[in-house]
Amino acid sequence: MKASSFLFQSIAPPVTVFGLPPLLVALLIGAAIPFAPIFTLTGLGWMSLLGPLLIFIMGAVFLWRLRRREPHCETVYFMPQRFFKGRRTRTLVVGTPGKPLSK
């Protein structure tokens, strides 16, 4: 594996499958596969092969575009949100509004 930089020889690019991290590829496959039996049971036999393929391609394009905007999108979107992240003011004593947070 080649190093990503001349200066930082020990840093290598992350492992990708189709240009996406393995976690996102697994989610794509897991989202596309259940549609095959659904289309088969509804009587759309021709769609049982084409449907999951189209869902996989559309999801891959969406995730590739998301990955270009945010290179660490899988870690950003899979982390739980902190309960205090969206507050505009702090309330230190119950019932009394605090100072607005500076931004």
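For the numbers below, each heavy atom of this structure counts, side chains included, while hydrogens, waters and symmetry mates do not.
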> What pair of heavy atoms forms the shortest contact from Ala31 to Ile55, and how long is it?
Replying inline: O-CG2, 4.5 Å

>> Quick check on side-chain contact (heavy atoms from CB on, under 4.5 Å): which of Val17, Val25, Leu24 does Pro21 satisfy it with?
In response: Leu24

>> Using 0.5 Å steps for rounding, measure from the CG atom of Leu53 to the CE atom of Met47.
In response: 10.0 Å

> Hey, what do you get for CG (Leu54) to CG (Leu49), rounding to the nearest 0.5 Å?
Replying inline: 11.0 Å

>> If hydrophobic clusters are built by linking Ile, Leu, Val, Met, Phe, Trp and Tyr wherever their side-chain heavy atoms come under 4.5 Å apart, do Phe62 and Leu23 end up in the same one?
In response: yes

> Does Phe35 CZ have over 12 foreign heavy atoms under 6.0 Å away?
Replying inline: no

>> Measuring from atom CD1 of Ile38 to atom CD1 of Ile33, what distance do you get when rounded to the nearest 0.5 angstrom?
In response: 12.0 Å

>> I need the Cys73 SG to Leu20 CG distance, nearest 0.5 Å.
In response: 8.0 Å

> Hey, quick one: are Trp46 and Leu41 part of the same hydrophobic cluster, counting side-chain heavy atoms closer than 4.5 Å, chains of contacts allowed?
Replying inline: no

>> Distance check, rounded to the nearest 0.5 Å: Phe18 atom CZ versus Leu28 atom CG?
In response: 10.0 Å

> Ala32 and Pro52: which non-hydrogen atoms are nearest, and at how many Å?
Replying inline: O-CB, 3.3 Å

> Of all heavy-atom pairs between Arg69 and Pro71, which one has the smallest distance, and what is that distance?
Replying inline: O-CD, 3.9 Å

